[in-house]
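Chain A is the first sequence line, chain B the second, and so forth, proteins listed ahead of strands; every chain is numbered from 1.
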Protein chains: 2
Amino acid sequence: MLTISQLASFAGVTVRAVRHYHAKGLLPEPKRDRSGYRRYDAFAAVELIKIRTLADAGVPLARVHELLAASEEEFTAAVADIDRRLRAEIRERQRHRERIARLAAGDSLALPPEAVAYLDRLRKLEFSDLMVEGERDAWILVAAQLPEHMPLYMKAKQQQLDDPATLQLLRDLVAAASWEADDPRVAAVADRLVALFEADAEGWEDHQAEGRGEHQGVMPAELAQLLDAVFLDLVPIARRLLDLLEERGWRGWTNLERIRPT
Amino acid sequence: MLTISQLASFAGVTVRAVRHYHAKGLLPEPKRDRSGYRRYDAFAAVELIKIRTLADAGVPLARVHELLAASEEEFTAAVADIDRRLRAEIRERQRHRERIARLAAGDSLALPPEAVAYLDRLRKLEFSDLMVEGERDAWILVAAQLPEHMPLYMKAKQQQLDDPATLQLLRDLVAAASWEADDPRVAAVADRLVALFEADAEGWEDHQAEGRGEHQGVMPAELAQLLDAVFLDLVPIARRLLDLLEERGWRGWTNLERIRPT
DNA sequence: ACTTGACCTTGACCCTGCGTCAGGGTTTCA
DNA sequence: TGAAACCCTGACGCAGGGTCAAGGTCAAGT
C-alpha cells in the first residue's frame, strides 16, 4: 500500500495536486490507515496517470472528471477533439513565433524609412507641426499592423504631393481642420474633393482591379475604421464633411468608396 | 482620440483587459475627458499591440512589464528566450498528442492479452487469489507505463513457470508471504533465492548485454521502486529478505542487481 | 525513552489573467 | 424624451494548484 507521496512521485505530481483531485472528486478517496493516513493501491496509480495524461494535454479538470466516467465512444470522440485542439495550439505557437520575431526586428515599432521621408517632406512643405504629428500617429498605427504595405502607401502619398492641385487641396484641408464644426465653407471643400475624386476615379479603379488577388492598396476595415475615428475626433468639420461627401456619392475617408456612379 | 472600446477592439482585446493592463501598470493611464472617460492616442494602440503580441506568446504580464522598459539587447535576448519556450511547447504538445492517442487506443488501461494469459496460468497452477491479485495490480502499473515492453516481460515470466525448480521456489515464496516479519525461516529462503540467481546469472548477464542500446529487459528506476514498495508493504518478511539478499551480494527485487561478484 | 527529521492531516489564504456582476453616470440616436 | 449603448469604480469568481500554519505520526539513531 502506497502513501500519498509515493503515489504522487510515481505519477510525477505534487502531494497537493493529488489532494486537489480528491477534493474535486476526480480521484476517489482511498481508505485510511489507523492514523488517518491515506493508503493507495495500484489502481489509484493508474487512475492518477490517466488524469495527468488528460490534464497535461490541456483538458480542464472538470472535463477530465466527465471523461473518466464516459463511455468508449464518448471517450474516443473527446480524444479526437483534444487532438484537434493540440494541433490548433501548435499552429498558434508557430504563428506567435513569427509575430514576436517581427517584434524583435523592431521594424514595426518605429516608422520605416519611407514614412520618415514622407513626414520630412511634409515638414519641408511647411505643414503645421500639429498636422505632421497627426499623420505620424496615423502611420505608426498602419506600420504596426501592415508593415509590408508601407512602401506602397508611402509611394501613393508621395505621388499626391507631386501633383500641385492635390497639394493645394491638402493645404486647404489642413486649414479647414481648424474651422468650427458648423463652418459654412465646408460644402465648397466637399465639392472640390469630389471633383478631385472623379478625376482620379478611372486610374484608381484600374488600380483596384489590378490588386485583386491580394488587397494591394486597400486597407482592412478595422484599421480604416480606426483611422477614420481619429480623423473624426481631431477635426471638427470631419463629421459634416463625410456627410456631404456621402450626399455626393462617396463614402468613407481612409477607404474611400463610390456608392453612386455619377 | 479613441475611447477605451475603440482602442480595445482595434487590438482585438476586451475593454476589461485594457483596464487590467492599466491596473498592472503595463499601459499608462491616458488623460480623461471632462466626463472622466479615458481618451487614447495612437501610441496607446501601438503599445497595446506590443503587450498583446508578447502576452499571446505566453509571456506573463509581469514579464511584459519589464520587457517594455528593457534595453534593445535585453529585449532581443528575451525574445530569443520566448522563442525557445515556444518551440519547447510545440514539442510538448506533439508528445501529448502521442500520449492521448495511446490512451484512446485503450491498451494501456486494461491488461494486454499476454498478461491475461499469464494471470490465468497462475490461477490454473492454484496460486492464491490474493497472490494473483497482487500480481495483477503490479502488472497493471507496468502496462500503464511501458505497454510496449509487456510481451517481453510476460515471456520472461512464462519461462519462470516452465522451470520446475523456479516454480517450486515461487510457491514457497507465496507461502512465505504470510509469515511474520521475524520468522526464522527467512534466511533459508534467501539462500535458495541466491542459489537460483547464481545459476541464472550467466544467461541473465548475456541478456543484459544484448539489450544495450535500449533498456530491453530492465525497468526504469521509478517504476521498479514503486513495485518494490508494494512488495515491501504487502509482504511482512520482505524487508528482512531484501536485507539478507544484500548480505549475500544481491540488491533490489524488481530490478535485481549483483553488488558483489562471488 | 527521547529526539530529530521526514511524513501525514485539514484549513486557509495567495497567484494570474482576466470575466462578470453591481450600481452608478454619460452620450447618442431616433 | 427615452432607450440603447457607452463609460466609471469596486468587488467577487474561476482554474489549478503553491504555500504557509498548526498540528499528529513514524522510523532512525542515541
Side-chain angles (χ1 to χ4, degrees), chain A residues 1-27 29-40 44 48 51-67 85 181 225 229 232-233 238-240 242-243, chain B residues 1-27 29-40 44 48 51-67 85 181-182 225 229 232-233 236 238-240 242-243:
Chain A
M1 297 275 101
L2 308 170
T3 67
I4 195 168
S5 62
Q6 287 174 316
L7 178 77
S9 86
F10 174 64
V13 303
T14 64
V15 169
R16 179 65 173 84
V18 175
R19 287 204 270 250
H20 191 61
Y21 301 151
H22 287 320
K24 292 255 150 183
L26 277 175
L27 196 61
E29 281 276 2
K31 56 194 182 322
R32 309 297 185 106
D33 66 13
R34 72 191 174 293
S35 56
Y37 289 13
R38 292 178 180 84
R39 290 298 179 160
Y40 298 88
L48 184 52
I51 293 170
R52 281 317 310 172
T53 300
L54 290 167
D56 284 342
V59 181
L61 293 191
R63 209 56 223 301
V64 171
H65 195 18
E66 296 166 22
L67 289 185
R85 218 183 22 66
Q225 232 173 322
L232 283 167
D233 277 323
R239 180 77 265 157
R240 228 156 61 72
L242 291 194
D243 288 347
Chain B
M1 296 275 101
L2 308 170
T3 68
I4 195 168
S5 62
Q6 288 173 318
L7 177 76
S9 86
F10 174 65
V13 304
T14 63
V15 168
R16 181 63 176 88
V18 175
R19 287 203 270 250
H20 189 62
Y21 301 150
H22 286 319
K24 292 256 149 181
L26 275 175
L27 196 60
E29 280 277 1
K31 56 197 179 324
R32 309 296 183 107
D33 67 13
R34 72 192 173 294
S35 55
Y37 290 11
R38 292 177 180 84
R39 290 299 179 161
Y40 299 89
L48 184 52
I51 292 170
R52 281 314 313 172
T53 301
L54 290 168
D56 284 341
V59 180
L61 294 191
R63 206 59 223 299
V64 171
H65 194 18
E66 296 167 22
L67 289 185
R85 216 181 25 66
D182 55 356
Q225 234 174 320
L232 284 168
D233 277 323
R239 178 76 267 156
R240 228 157 60 74
L242 291 193
D243 289 347

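- Atom-to-atom, NE2 of B/H65 to P of C/dG17 comes out at 13 Å; the value is rounded to the nearest Å.
- Nearer to the 5' terminus of DNA chain D, by closest-nucleotide assignment, is the contact made by B/T3 (compared with the other of B/T3 and A/A55).
- Sequence order on DNA chain C of the closest nucleotides to B/V15 and B/K24 puts B/K24 first from the 5' end.
- A/L2 places none of its side-chain heavy atoms less than 4.5 Å from the side chain of A/R39.
- When each of A/R16 and B/R16 is assigned the nucleotide of DNA chain D with its nearest heavy atom, B/R16 is the one assigned upstream, toward the 5' end.
- Separating the NE2 atom of A/H20 from the P atom of D/dT19 is a distance of 15 Å, rounded to the nearest angstrom.
- Across the protein-nucleic acid pair, B/D243 atom CG and D/dA28 atom P stand 10 Å apart, rounded to whole Å.
- When rounded to the nearest whole Å, the span between CG of A/L7 and C1' of C/dC7 equals 15 Å.
- Of the candidates D/dC7, C/dC18, C/dG17, D/dC7 carries the atom nearest the B/S5 side chain, counting heavy atoms from C-beta on.
- Under the side-chain hydrogen bond (donor to acceptor under 3.5 Å, both in side chains) criterion, no residue pair touches residues 8-17 of chain B, with sequence neighbours excluded.
- Between C/dC18 and B/T14, no contact under 4.0 Å exists linking OP1 or OP2 to a side-chain N or O.
- Among the atoms of the strands shown, only primed sugar atoms or phosphate atoms (P, OP1, OP2) are found under 4.0 Å from some heavy atom of B/R52.
- Spacing between atom CZ of A/R32 and atom C1' of D/dT25 amounts to 14 Å, rounded to whole angstrom units.
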Problem set entry | Base versus backbone protein contacts along nucleotides 23-30 of chain C [heavy-atom cut-off under 4.0 Å; B, S, -] | --BBS---
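- When the C1' atom of C/dT20 is taken as reference, atom CZ of B/R19 falls 12 Å away, rounded to whole Å.
- Picking from C/dC18, D/dC7, D/dG16 the nucleotide with the shortest atom distance to the side chain of A/L61 gives D/dG16.
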